[in-house]
Asks: 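Before I ask anything, let me first share the structure, which is written out below as structure tokens.
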Amino acid sequence: MDRIRIVGGHALNGSIPISGAKNATLPLMIASLLTEDDLTLENVPDLADVALLKRILANHGVDYSVAGKRRGESVHAGETLTLRAKAIVDTTAPYDLVSRMRASFWVIGPLLARMHEARVSLPGGCAIGTRPVDFFLTGLEALGAEIDIDAGYVVARAPGGLRGGALRLPQPSVGATHTLMMAATLTRGDTLIENAAREPEVRDLAECLVKMGAMIEGAGTSTIQISGRDRLNGAVHEVLPDRIEAGTYAMAVAATGGDVLLQGARADLLTAALDALAGTGVEVTSTEGGVRIRRNGSGVDPVSVSTAPFPGFPTDLQAQFMALMTGARGTSEIRETIFENRFMHVQELARLGADIRLDGQVATIRGVSRLRGAPVMATDLRASVSLVIGGLAAEGETLVNRVYHLDRGFERLEGKLSACGAEIERLRA
Ligand code: EPU
């Protein structure tokens, strides 16, 4: 298995191009199942999760082609991915694929809406928590689906097609909102989703669905209204920039010091995280070209945060912010409210010398004057990148093992960081 080797202690200076958002790309790709026409997505990041979802969609009969990234073109431009679900050849999403990426469960919505049946493996456990699918199932039932669980599979049927319905999510789940919104676009009648997730990726998906002919209002707020259609058409859509990637590099610069322009990053998608960073004493400026992060001289002040659904502080930046707080001038508290087990980075950060006490959902971090490099183990995507941040700030050498977690969600991580002066390289297995 590949490893990443970091020699810490270098400030980051320069600019980092921000890729298209992983968590927008995945539902947008799944939306291709809703139409027999071409769906072309621009600014698609080159990530392991995107590659895996291409395979999963191909299994359902989706053809795809990729343009861009040819020799001579800018390596910073994302791919242009065209997906075409002319005919759905299989409505089963098998365990061996779904268990490798939870978001692939979301195919259940479009498959059921278009084919009136779907058999999708339950996604199973996940490193960051139990992550059940009850909201999806109750929501699909509200749209007229009949649901059975058989041998680890959700078997969903809607003889004659889905119909509109009214439903309220018990909690604003991102995946359930994506799935139910997609399903509701191809129904008879009107659908109302209350307590919907307000994440920017939900709005991005809705914008694409509207280009495909869907009738959706309110995406990006907690109440979404959808009027069903009998068919959708193709569209061309550009994926929005990855706010979590941008926030991650912002925290890396805050941890090492330096001055970096996050090219293409949108401050309006990152308000809570940038406010927290500004509270630590880091200079955050929103410019036309992106977001500029600057920290010179002295260290960072402690800031306590609590994760929350958008527009709150994102759970997907909790580990990275904790890595930053390990070096703060004082004590901070980080509360995780979205996932019950998203603290696996704590013991690995401790291997770098961090002083963190965990009590239920609250981590208390006492800043130390310096971290020291060590071998560490990546456990999930965001936890792994927090170890990279720790390694960049630490003295000496850090070796991050199990790098495949990073490849799921960070495009050209070593390249982007080393272009700004970091000493970081991939050691191929
Ligand atoms: N939940 C239920 N039942 C359900 C659905 C969700 O109890 O049927 C609970 C979850 O267990 C969790 C909460 O609701 O406690 C919120 O989970 P949500 O459904 O919003 O998460 P998700 O859709 O599975 C997406 C992102 C995650 C991100 C979360 C929260 C993608 C592909 N995944 O997951 O991203 O952490 O929203 O913002 O968009 C990552 O990129 O590293 C990542 C884990």
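Just so you know, ligand 1 is whichever comes first in the structure, and atom 1 is the first atom listed for that ligand.
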Asks: Which option out of P170, S173, P172 puts a heavy atom nearest to atom 6 (C) of ligand 1?
Replies: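 Nearest heavy atom to atom 6 (C) of ligand 1 lies in S173.
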Asks: Provide the number and element of each atom of ligand 1 under 4.0 Å from a heavy atom of L381.
Replies: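 Contacts of ligand 1 toward L381, numbered from 1: 42 (O).
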Asks: Select the closest option to atom 27 (C) of ligand 1 among D316, T307, D380, judged by heavy-atom distance.
Replies: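 The nearest heavy atom belongs to D316.
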Asks: With atoms numbered from 1 as shown, which atoms in ligand 1 lie under 4.0 angstrom from a non-hydrogen atom of K22?
Replies: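 Once the distances to K22 are compared, the set is 40 (C), 41 (O).
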Asks: Evaluate F339 for polar contact with ligand 1, using N/O atom pairs at a separation under 3.5 Å.
Replies: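 No; every N/O pair is 3.5 Å or more apart.
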Asks: My understanding is that only one of D380, D46, D49 makes a salt bridge (Lys or Arg N to Asp or Glu O under 4.0 Å) with R408; could you say which?
Replies: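 Exactly one option meets the salt bridge (Lys or Arg N to Asp or Glu O under 4.0 Å) with R408, and it is D49.
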Asks: Salt bridge check, E146 against R157: does any charged N sit closer than 4.0 Å to a carboxylate O?
Replies: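 Not counted as a salt bridge, because no side-chain N and carboxylate O are separated by less than 4.0 Å.
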Asks: Using the side chain to side chain donor-acceptor pair (under 3.5 Å) criterion, which residues pair with N195? Sequence neighbours excluded.
Replies: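 By the side chain to side chain donor-acceptor pair (under 3.5 Å) rule, N195 matches no residue at all.
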Asks: Just distances here: any N/O of A103 and N/O of ligand 1 closer than 3.5 Å?
Replies: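 No, there is no polar N/O contact under 3.5 Å.
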Asks: Of all the heavy atoms in H405, does at least one lie under 4.0 Å from an atom in ligand 1?
Replies: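 No.
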Asks: Give the atoms of ligand 1, by number and element, whose distance to some non-hydrogen atom of R382 is under 4.0 Å.
Replies: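 Result: 40 (C), 41 (O), 42 (O).
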Asks: Would you check, one step at a time, whether the test salt bridge (Lys or Arg N to Asp or Glu O under 4.0 Å) holds for R426 with D407?
Replies: CA-CA 11 Å; R426 180 177 295 248; D407 295 334; 2.8 Å; yes
Asks: Which atoms of ligand 1 sit under 4.0 Å from any heavy atom of W106?
Replies: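 Matching atoms, with element in brackets: 23 (O), 31 (C), 32 (C), 39 (O).
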Asks: May I ask you to check if ligand 1 and L26 share an N or O to N or O distance below 3.5 Å?
Replies: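 N/O-N/O distance under 3.5 Å: no.
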Asks: In chain order, what residues pass the salt bridge (charged side-chain N to carboxylate O under 4.0 Å, His left out) check against E201, with sequence neighbours excluded?
Replies: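 Applying salt bridge (charged side-chain N to carboxylate O under 4.0 Å, His left out) to E201 gives R243.
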Asks: Quick test of your reading of the model: are K416 and E245 salt-bridged, counting only N-O distances below 4.0 Å?
Replies: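 Yes, K416 and E245 are salt-bridged.
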Asks: Tell me the contacting part of D134 for ligand 1: side chain, backbone, both, or neither, using a 4.0 Å heavy-atom threshold, strictly below.
Replies: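 Looking at D134 and ligand 1, atoms from backbone and side chain both fall under 4.0 Å.
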Asks: Which residue in the set R382, E336, R342 passes side-chain hydrogen bond (donor to acceptor under 3.5 Å, both in side chains) when paired with Q318?
Replies: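 Only one of R382, E336, R342 forms a side-chain hydrogen bond (donor to acceptor under 3.5 Å, both in side chains) with Q318, namely E336.
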Asks: Can you tell which part of I338 has a heavy atom less than 4.0 Å from ligand 1: side chain, backbone, both or neither?
Replies: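 Answer for I338: both.
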Asks: Does a salt bridge link D63 with K54, judged by any charged N lying under 4.0 Å from a carboxylate O?
Replies: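 No, this pair does not count.
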Asks: Nearest to atom 5 (C) of ligand 1 by heavy atom, P132, G409, A176: which?
Replies: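 Looking at heavy atoms only, P132 sits closest to atom 5 (C) of ligand 1.
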Asks: Any nitrogen or oxygen of N23, main chain or side chain, under 3.5 Å from a nitrogen or oxygen of ligand 1?
Replies: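 By distance alone, the answer is yes.
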Asks: Could you tell me whether R102 approaches ligand 1 through its side chain, its backbone, both or neither, with non-hydrogen atoms closer than 4.0 Å?
Replies: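 Only the side chain of R102 comes within reach of ligand 1.
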Asks: Does a side chain donor of either D190 or S227 reach within less than 3.5 Å of an acceptor in the other side chain?
Replies: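 The criterion, which ignores hydrogens and geometry beyond distance, is satisfied for S227 and D190.
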Asks: N/O of T315 under 3.5 Å from N/O of ligand 1, yes or no?
Replies: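 T315 vs ligand 1: no N/O contact under 3.5 Å.
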Asks: Would T80 and E42 count as having a side-chain donor-acceptor pair, cut-off 3.5 Å?
Replies: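 No, because no side-chain N or O of T80 sits under 3.5 Å from a partner of the opposite role on E42.
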Asks: Look up atom OG1 in T326 and atom CG in L349, then write down how far apart they are to the nearest 0.5 Å.
Replies: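 Between T326 OG1 and L349 CG, I get 6.0 Å after rounding to 0.5 Å.
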Asks: Just distances here: any N/O of V174 and N/O of ligand 1 closer than 3.5 Å?
Replies: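 Yes - when backbone and side-chain N and O of V174 are compared with those of ligand 1, one distance drops under 3.5 Å.
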Asks: Any sub-3.5 Å donor-acceptor pair from N401's side-chain atoms to V376's backbone N or O?
Replies: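 A pair under 3.5 Å: yes.
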Asks: Would you say G175 has any N or O atom under 3.5 Å from an N or O of ligand 1, going by distance alone?
Replies: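 N/O-N/O distance under 3.5 Å: yes.
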Asks: If we set the cut-off at 4.0 Å for heavy atoms, which region of M101 has an atom near ligand 1: side chain, backbone, both, or neither?
Replies: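 Contact part for M101 vs ligand 1: neither.
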Asks: Give the atoms of ligand 1, by number and element, whose distance to some non-hydrogen atom of F136 is under 4.0 Å.
Replies: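 In order of numbering, the contacting atoms are 5 (C), 8 (O).
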